[in-house]
Structures are given as C-alpha cells and as structure tokens.
**Q** 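I have a structure I would like to understand better, so I am pasting it below and will then ask my questions one at a time.
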Amino acid sequence: IMEIGRRLYKYKSVEKMDQIIDIVEKQRIYMPKVSQLNDPLEGVCNMNFGFAGCSYYHDTGTLHPHYSSVLNSYRVLALTTKKDSVVMWIHYAVQFDGICIEFEDRGSFTDAVPVIYTDYLLDSRTCGDSFDRVAYNSLRRKSSEWSYEDEYRIISKTAVGGEDKEYLELLPGEIKCVYIGYRVDNKLKLYLNQLCNDKKIETKVMFVNPYKYTPEALPLMQYLENFREYDGEMNRCS
C-alpha cells in the first residue's frame, strides 16, 4: 500500500494532449481496461482451474474465455516512482517530446500497490478457485524485464450491474508538477505552463545533461531564459 505523501508519476505523449488537458483541468486520470494496456502478457497465468476443458487452451495461444472475460472487467492505472528515467522518457514520452506528471498521495492513491517482477507465471491454484482472485493477483505481476519501471498499480473491478469507474478522481493539490520534455515545441511548453498556472501546478522542463546519465529539471521560464542565452552566445560565435 502506498505511503501517504509519497510521489508517483505518469508519463504522457503530447500526441495525447486531450488526455493531458483532462488530467489537469478535471483533476482525474483515465484508468484503461486490461485490453488497452501495452503489455500483451497482462494477467497471464498457469490456468489450472480444475474443471474440464482448461488444458485445451494451453496450446491455443489464447486465454480461457471465462477467465478472459473476468480479466477484462478490470481497469488498471499504471504509475511509477521515477520521473528521471531516460528509458521511460523515450518509451512513454516519445523521446522527450512529452510530459511526466507528478502526483502526491493525499488519499487518492491509497490502493496503489507495487508490481511484483518475476520470471515465473502465477499458478492459479495458489489463489483458490476464484477467477477474480486469480485476475487481481496476475495483474500485480509482470515479467522481470519490466522491473526498470518500478511500477505501482491501482487495480479496480467493474461491479456486476454497477457503475464502471473510468477515472481515478484526484483530491485538490495532488498534482504537484508537470515536467515537460525539452523537445516539446516552445509554444506548447508555454501553453502547458499557462494551463498548469491556472490550477496552481508547477511546471519544469526535463532535459538531458550531456555530462550525466540522468536527466535534469529546471523551472520552465528559467529553462527558456537559459536557452535564449545559449542561442545568443552561439550567434555571437558564428
């Protein structure tokens, strides 16, 4: 369970600007269904459910339809504890042409749990005979190849006949900062800055320091001023 006050992060490409605007203006985060996640191995397990026909699906490359149906009744919000991972800026923020949003847990992220990274599939028999228990525990696990993400997840199920909660509603002040990739167009940087200023959210630019392995962040206006000074210096030398 998340420790209150800890910071979590969500990367986004500016190609999904409508989602970014929605997060900032409406203070909520969309929770995709399992079928919308980028890992094709989400929720997989050794399906030893103990009834006739289970073993048939092991050789077909598909999940058992009953289990698949239960699995896709879940929504998963993926977050990370890292804001300065070069790999994640490249993968999820399109080579620094995107953003990373910083959240402070003041209660909305209480149910966030760490992902278990492993090279072994969950055996469904260890979860009892409940499809839901198997699905939840499988969604908490990922291949160790993904361990660099240090992912936390909020995993929620749509109740039968109940409301499908597509969004995690945030509390006031939980969005602390929007880190803007240095490759984002300057006009768009300024637009994002104004959008965040209206909600009293800090903005910084995340850029690559060629002398270090990790990116660094500067307040947006300071970064732009430094950039102008650099341009002026280069013009004088040319």
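Worth knowing before you read on, the calculation uses all heavy atoms, side chains too, and leaves out hydrogens, waters and symmetry mates.
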**Q** Apply the test side chain to side chain contact (heavy atoms under 4.5 Å, CB included) to residues Met206 and Lys83: give CA-CA distance (whole Å), side-chain angles for both, the deciding distance (0.1 Å), then the verdict.
**A** CA-CA 9 Å; Met206 191 69 77; Lys83 68 176 183 294; 4.3 Å; yes
**Q** With heavy-atom distances below 4.5 Å as the criterion, would you say the side chains of Leu195 and Glu25 are in contact?
**A**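 The answer is yes; the side chains approach within 4.5 Å.
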**Q** Just verifying a value: how many Å separate Ile154 CD1 and Leu8 CG, rounded to the nearest 0.5 Å?
**A**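 If we round to the nearest 0.5 Å, Ile154:CD1 and Leu8:CG are 8.0 Å apart.
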**Q** Say whether Tyr213 and Val87 are linked into one hydrophobic cluster, either directly or through other cluster members, by side-chain heavy-atom distances under 4.5 angstrom.
**A**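 Tyr213 does not cluster with Val87.
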**Q** Below 30° counts as parallel, above 60° as perpendicular, anything between as tilted: where do the rings of Tyr92 and Tyr11 land?
**A**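 Geometry flag for Tyr11 against Tyr92: tilted rings.
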**Q** As an exercise, state the distance from CZ of Arg75 to OG of Ser156, rounded to the nearest 0.5 Å.
**A**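 OG of Ser156 is found 7.5 Å from CZ of Arg75.
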**Q** Please check: side-chain N/O of Ser85 versus main-chain N/O of Lys82, any donor-acceptor pairing under 3.5 Å?
**A**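 Side chain of Ser85 to backbone of Lys82, a donor-acceptor pair under 3.5 Å: no, none is there.
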**Q** What closest approach, in Å, do Tyr9 and Cys100 show between heavy atoms, and which atom pair accounts for it?
**A**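 Result for this residue pair: CB-SG, 3.6 Å.
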**Q** Are Tyr120 and Leu41 linked, directly or through intermediate hydrophobic residues, by side-chain heavy-atom contacts shorter than 4.5 Å (ILVMFWY only)?
**A**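 In one cluster: no.
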**Q** Using only atom types and a distance under 3.5 Å, with no angle test, would you say the side chain of Arg140 pairs donor to acceptor with the backbone of Pro114?
**A**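 It does hold such a pair.
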**Q** Flag the pair Tyr152 / Val115 as yes when at least one side-chain heavy-atom distance between them is below 4.5 Å, and no otherwise.
**A**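 No; the side chains remain at least 4.5 Å from each other.
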**Q** Would you say Tyr182 and Glu216 are linked by a side-chain donor-acceptor pair, where the criterion is simply a distance under 3.5 Å?
**A**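 On atom types as modelled, these side chains do not qualify, holding no pair under 3.5 Å.
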**Q** Taking it one step at a time, do Tyr148 and Met88 satisfy side chain to side chain contact (heavy atoms under 4.5 Å, CB included)?
**A** CA-CA 9 Å; Tyr148 68 89; Met88 295 179 75; 3.9 Å; yes
**Q** Between the side chains of Thr80 and Asp150, does any donor sit under 3.5 Å from an acceptor?
**A**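 Asp150 and Thr80 do not have a side-chain donor-acceptor pair below 3.5 Å.
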**Q** Will you find, in the side chains of Ser144 and Asp119, an N or O donor that is under 3.5 Å from an N or O acceptor?
**A**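 Per modelled atom types, Ser144 and Asp119 side chains form a pair under 3.5 Å.
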**Q** Trp89 side chain to Gly98 main-chain N or O, any donor-acceptor pair under 3.5 Å?
**A**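 No, the answer is negative, given that no donor and acceptor are paired below the 3.5 Å cut-off.
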**Q** Within a strict 4.5 Å, meaning less than it, do heavy atoms of the Tyr117 and Glu149 side chains meet?
**A**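 Tyr117 reaches Glu149 side chain to side chain.
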**Q** For Glu169, does the CD atom sit with more than 12 other heavy atoms under 6.0 Å from it, leaving out its own atoms?
**A**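 Counting neighbours around CD of Glu169, more than 12 heavy atoms of other residues, nucleotides or ligands fall under 6.0 Å, so yes.
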**Q** When you compare the side chain of Ile21 with that of Tyr191, does any pair of heavy atoms fall below 4.5 Å?
**A**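 Contact flag for Tyr191/Ile21 side chains = yes.
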**Q** Please assess Asn193 against Thr203 for the test side-chain hydrogen bond (donor to acceptor under 3.5 Å, both in side chains), listing each intermediate value before the final yes or no.
**A** CA-CA 6 Å; Asn193 182 60; Thr203 54; 2.6 Å; yes
**Q** Give the minimum heavy-atom separation between Ala135 and Leu71, together with the two atoms involved.
**A**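 Closest heavy-atom pair between Ala135 and Leu71: CB-CD1, 4.0 Å.
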**Q** Is there a side chain to side chain contact (heavy atoms under 4.5 Å, CB included) between Leu190 and Met221? Walk through the geometry before answering.
**A** CA-CA 9 Å; Leu190 292 170; Met221 301 315 293; 4.2 Å; yes
**Q** Is atom CD of Glu15 surrounded by more than 12 heavy atoms (other residues, nucleotides or ligands) closer than 6.0 Å?
**A**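 Open.
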**Q** So which heavy atom on Gln27 is nearest to which on Leu171, and how close?
**A**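 Where Gln27 meets Leu171 most closely, the heavy atoms are OE1-O, 4.3 Å.
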**Q** Quick one: salt bridge (charged side-chain N to carboxylate O under 4.0 Å, His left out) partners of Lys26, sequence neighbours excluded?
**A**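 By the salt bridge (charged side-chain N to carboxylate O under 4.0 Å, His left out) rule, Lys26 matches Asp22.
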**Q** Out of curiosity, Lys33 NZ to Gln36 CD, how far, rounded to the nearest 0.5 Å?
**A**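 The distance works out to 7.5 Å.
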**Q** Do Lys165 and Met31 have side chains that get closer than 4.5 Å, going by heavy atoms?
**A**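 No, too far: nothing below the 4.5 Å cut-off.
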**Q** Should Glu102 and Lys176 count as an ion pair when the cut-off is N to O under 4.0 Å?
**A**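 Answer for the salt bridge query: no.
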**Q** Is it true that Glu151 and Lys142 have a side-chain N and a carboxylate O under 4.0 angstrom from each other?
**A**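 Here Glu151 pairs with Lys142 in a salt bridge, since their nearest N and O are under 4.0 Å apart.
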**Q** Quick one: is the NZ or CZ of Arg28 closer than 6.0 Å to the six-membered ring centre of Tyr167, and within 45° of its axis?
**A**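 Geometry flag: set, cation within 6.0 Å and 45°.
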**Q** Which residues pass the side-chain hydrogen bond (donor to acceptor under 3.5 Å, both in side chains) test with Tyr74, sequence neighbours left out?
**A**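 Only Asp132 meet the side-chain hydrogen bond (donor to acceptor under 3.5 Å, both in side chains) criterion with Tyr74.
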**Q** Nearest 0.5 Å please: distance from the CG atom of Asp105 over to the CG atom of Asp111.
**A**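 The distance works out to 9.5 Å.
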**Q** Is a side-chain donor or acceptor of Lys12 paired with a backbone partner of Met17 at a separation under 3.5 angstrom?
**A**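 A pair under 3.5 Å: no.
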**Q** Once rounded to the nearest 0.5 Å, what's the spacing between atom CG of Asn226 and atom CG of Leu224?
**A**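 Answer for the CG-CG pair, Asn226 versus Leu224, is 9.0 Å.
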**Q** Classify the angle between the aromatic ring planes of Phe103 and Phe109 as parallel (below 30°), tilted (30 to 60°) or perpendicular (above 60°).
**A**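 Rings of Phe103 and Phe109: tilted, 30 to 60°.
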**Q** Looking at side-chain heavy atoms only, is the closest gap between Ile99 and Ile20 below 4.5 Å?
**A**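 Ile99 vs Ile20: side chains touch.
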**Q** Kindly compute the distance separating CG (Leu192) from NZ (Lys187), expressed to the nearest 0.5 Å.
**A**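 Interatomic distance, Leu192 CG to Lys187 NZ, rounded to 0.5 Å: 14.5 Å.
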**Q** Does Leu218 belong to the same Ile/Leu/Val/Met/Phe/Trp/Tyr cluster as Leu220, with side-chain heavy atoms less than 4.5 Å apart forming each link?
**A**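 They do share one cluster, since a chain of ILVMFWY contacts under 4.5 Å joins Leu218 to Leu220.
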**Q** Within the structure provided, determine whether Pro32 and Leu37 are in side-chain contact (heavy-atom separation under 4.5 Å).
**A**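 A side-chain contact under 4.5 Å exists here.
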**Q** Could you pull out the closest heavy-atom pair between Gly181 and Val205, with the gap in Å?
**A**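 Gly181 and Val205 have their closest heavy atoms at C-CG1, 4.5 Å.
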**Q** Are Lys204 and Cys177 close enough that some pair of their side-chain heavy atoms sits under 4.5 Å apart?
**A**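 Touching, per the 4.5 Å side-chain cut-off.
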**Q** Is it the case that one hydrophobic cluster holds both Val24 and Leu188, taking links as side-chain heavy atoms less than 4.5 Å apart, direct or via other members?
**A**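 The answer is yes; both residues are in one hydrophobic cluster.
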**Q** If you measure from the Lys or Arg side-chain nitrogens to the Asp or Glu carboxylate oxygens, is any gap between Glu174 and Arg106 under 4.0 Å?
**A**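 No, Glu174 and Arg106 are not salt-bridged.
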